[in-house]
Peer 1: 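The structure is given below, and queries will be raised subsequently.
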There are 2 protein chains.
Amino acid sequence: MNDQRRNGQNEAAAGGRPTLKTIAFMTGLGVTTVSRALKDAPDIGEETKKRVQLVARQVGYRPNRAGVRLRTGKTNVISLVLNTDEQLMGFISDIIYGVSEELASSSYHLILTPYSSRNDPMDPIRYVVETHSADGVIISQTEPNDPRVRYLTEHGFPFATHGRTHTGIEHPWHDFDNHAFAMQAVRALVAKGRRRLALLAPSPKLTYYRHMSDGFAEGVEEQGCAAIPFRDAWVDMPVEQIKAAATALLRRSTPPDGLVSGSGAGAFALVAAIEERGLQLGRDIDIVTKQSTPLVQMFRPQILVVNEDFRLAGRELARAVRASIDGAVPASLQTLAVPDGVEAPRP
Amino acid sequence: MNDQRRNGQNEAAAGGRPTLKTIAFMTGLGVTTVSRALKDAPDIGEETKKRVQLVARQVGYRPNRAGVRLRTGKTNVISLVLNTDEQLMGFISDIIYGVSEELASSSYHLILTPYSSRNDPMDPIRYVVETHSADGVIISQTEPNDPRVRYLTEHGFPFATHGRTHTGIEHPWHDFDNHAFAMQAVRALVAKGRRRLALLAPSPKLTYYRHMSDGFAEGVEEQGCAAIPFRDAWVDMPVEQIKAAATALLRRSTPPDGLVSGSGAGAFALVAAIEERGLQLGRDIDIVTKQSTPLVQMFRPQILVVNEDFRLAGRELARAVRASIDGAVPASLQTLAVPDGVEAPRP
DNA sequence: CTCAAAAACTGTAACGTTACAGTTTCCATT
DNA sequence: AATGGAAACTGTAACGTTACAGTTTTTGAG
């Protein structure tokens, strides 16, 4: 009698989506048992586990995220922190897709935490940590002495960065080997007979500026050719400005005959400046550029390209934060994508 | 005595982040009163509200999302459903940024729900509805008879679409006026003396294929010029294929002298095909293209462009879902972005 | 001064989950 | 037959919030 009344209350659950209570009622087990059976706990009988899991599947049980989160504190969310000011960062979508791919088979949801350069880049980081709105974060545009890395480390908050730092902190990261890229680029240009090279590098405040510049310098030294400074132009500025700077560069008394572009978009600006000046790609001058989509290459087959796989970056970053959340040591979560080499001009 | 012991228990809250209990303890009020004071309920005294809100600010109180979500069922999340197969959908990042901008000032978080064309596009939609992992969804790549729109409507689940449908269902949407775009493009080309026009349209399965094609046809009729079919090529296929199709088109006995491209990336393929054929842009042939970044235009100043603002689209979509969640009627949540007109070639 | 009604405030329960501390059942030893 | 212990299962409480149904206090009318 008493039991019947108790069970009667459970019928309430029949209305919405199934909960542990629903399954407990259907199997005649306790809620705790059901919970433990579903997570394959050792103190539940094999027979029972099978039965519970079967019923759970039949009724389409999905754990209520709010319940889990409230009880355990685990959000099952990974936050990707993005700077929304970037205009030409088309590859960002590839990173996002890569992260998504990796998280698809997990229980994690991906949330985007945007910020504008007009505000403090620390704001979104502090927000996530303070409100614990995610279990881990992915950040990009890392700087040599990145305060976000310090903050996250100090707070023991799991994260992974796209790009390394010089903080002296061992933290999870994924990076493209821009040093190798620049060296390969220089070698390829020299092999084509170019002797006066210039590099369109990223903004000096970013870590990979150093890597790319150093690689370039090392390549130039190794090959014994001339490096012509590409002043006041970075890959992350508006293409019009890059083009203007490139035009100025080409007007010098000793213009470069080989250019290296640190981004796919930058290459367009360089090509535009070159052709406007009446020079011919492949004859008067050559370009090696990074590319993430075959846009430039299809357009100007003479261009030399090195592929950078941003989907891979997204996957690696997601994997790294996930492992970091699970307690892996940072030093084991650092991956460097080595470029395949310079792709020859298309026929 | 009894009271003292009770309050003593509250000290536990001092450890982590502040909760309603913390504020209740600090102000000597009940938890309920604090909760109501913070949401400006009418049955709380002005004096008390001020005091509570002050303390809340001082201790940096932020409502626990899991608590709210568990109790009220509201997730404070909006899901953006994305097809991760698209390679060249660089503008997707602009939509994302637009959505972010609009949600930044609200309590909503943005979560990304990806899917691959290899699976059923309904999967992510069903997932969100069944698990109630968001309060509303934004979907793109709408088709005339989109099953997702039917499903969401039937389930009374708030959503907004990027692109209209022909379902006969009044639902929230934002769209770019591709009909107007195509007509403007035709007029601009005719004004330049072009008489044989071809359109690089989107995939026929998408709703806006109709809009753009109809606009093109109407323009051609109005201007009394010839429409040359652009066979087997759509803006959403790999650029190499577009280029190949364009090359074939230009080899016809009566090739077009004016091209309309439904996407910025497509324009690159067209320019490549044109120049490879030895034709000169602005002299032998003209192109009108949609663009979201000034890449093409900077590169080939002769090109005619119509701007499409994807950030705006993101903002409008976010606004629409939000309003839809708040119960606004769908018919009031439909916005059409009318193109500014064709931008003249740059000097 | 009384009393009704309005204003201001509060305790309890519940959302769905899991950690913890049991309790019951069953079996192998003595 | 008693007993110790392992195996299998369960109830309670708590995470932080809010709806609901109160209770206390204040106010104003008579």
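Order of the sequence lines fixes the chain letters, A, B, ..., with proteins taken first and strands second; residue numbering starts at 1 for each chain. None of these values were measured; they are calculated from a predicted model.
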Peer 1: Round to a whole Å and report the spacing from NE2 of B/His132 to P of C/dG16.
Peer 2: 12 Å
Peer 1: Would you say the side chain of A/Arg71 and the base of C/dT18 hold a donor-acceptor pair, judged only by whether the two atoms sit under 3.5 Å apart?
Peer 2: yes
Peer 1: Would you say the side-chain atoms of B/Arg311 pair up with the backbone N or O of B/Val99, donor to acceptor, closer than 3.5 Å?
Peer 2: no
Peer 1: Counting only side-chain nitrogens and oxygens, does B/Lys39 get under 4.0 Å of the OP1 or OP2 atom of D/dT18?
Peer 2: yes
Peer 1: Return the value, rounded to whole Å, for the distance between atom NZ of A/Lys74 and atom P of C/dA19.
Peer 2: 12 Å
Peer 1: Under 3.5 Å between N/O atoms: give me all the protein pairs with nucleotides 20-23 of chain C, atom names plus distance.
Peer 2:
none

Peer 1: Heavy-atom count check: over 12 atoms from other residues, nucleotides or ligands less than 6.0 Å from B/Lys74 NZ?
Peer 2: yes
Peer 1: Under 3.5 Å, side chain of A/Lys39 to main-chain N/O of A/Val34, donor-acceptor pair present?
Peer 2: no
Peer 1: Taking for each residue the nucleotide of DNA chain C with the nearest heavy atom, is it A/Val31 or B/Lys49 whose nucleotide lies nearer the 5' end?
Peer 2: B/Lys49
Peer 1: Would you say the side-chain atoms of A/Glu316 pair up with the backbone N or O of A/Thr335, donor to acceptor, closer than 3.5 Å?
Peer 2: no
Peer 1: Verify, without hydrogens or angle tests, whether B/Ser35 (side chain) and B/Val31 (backbone) share a donor-acceptor contact under 3.5 angstrom.
Peer 2: no
Peer 1: If I take atom CG in residue A/Leu29 and atom P in nucleotide C/dT24, what distance separates them, rounded to the nearest angstrom?
Peer 2: 17 Å
Peer 1: Measure CZ/B/Arg62 against P/D/dC15 and give the value in whole Å, please.
Peer 2: 22 Å
Peer 1: Out of C/dA8, D/dT10, C/dT10, which has the shortest distance to the side chain of B/Thr48?
Peer 2: C/dA8
Peer 1: Would you call B/Leu336 and B/Arg164 a side-chain contact if the rule is heavy atoms closer than 4.5 Å?
Peer 2: yes
Peer 1: What's B/Thr72 touching, base or sugar-phosphate or nothing? Going by heavy atoms closer than 4.0 Å.
Peer 2: sugar-phosphate
Peer 1: Have a look at the helix from C/dC1-D/dG30 to C/dT30-D/dA1 and give the angle its two end axes make, five pairs each, rounded to 10 degrees.
Peer 2: 60°
Peer 1: Quick one: B/Leu38 CG to C/dT10 C1', roughly how many Å, whole number?
Peer 2: 16 Å
Peer 1: Check the phosphate of D/dT17 against B/Ser35, side-chain N and O only, distance under 4.0 Å to OP1 or OP2. Yes or no?
Peer 2: no
Peer 1: Between B/Glu46 and A/Gly67, just flag the one whose closest nucleotide in DNA chain C comes earlier from the 5' side.
Peer 2: B/Glu46
Peer 1: For a quick check under 3.5 Å, do B/Ser79 and B/Thr113 share a side-chain donor-acceptor pair by atom type?
Peer 2: yes
Peer 1: Mind checking side chain to side chain donor-acceptor pair (under 3.5 Å) for A/Thr167 and listing every partner two or more places apart, or none if nothing turns up?
Peer 2: A/Thr165
Peer 1: I need the NZ-C1' distance between B/Lys50 and C/dA8, as an integer number of Å.
Peer 2: 16 Å
Peer 1: Verify the distance criterion only: is there a donor paired with an acceptor across the side chains of B/Asn64 and B/Arg69 at less than 3.5 Å?
Peer 2: no
Peer 1: Whether the side chain of B/Lys49 engages the backbone of B/Pro42 through a donor-acceptor N/O pair (distance < 3.5 Å, no angle test) should be reported.
Peer 2: no
Peer 1: When you get a sec, tell me which of D/dG16, D/dT17, D/dC9 is the closest nucleotide to the side chain of A/Leu70?
Peer 2: D/dG16
Peer 1: I need the CG-C1' distance between A/Asn76 and C/dT18, as an integer number of Å.
Peer 2: 14 Å
Peer 1: What is the distance from CD1 of B/Ile44 to C1' of D/dT18, rounded to the nearest Å?
Peer 2: 13 Å
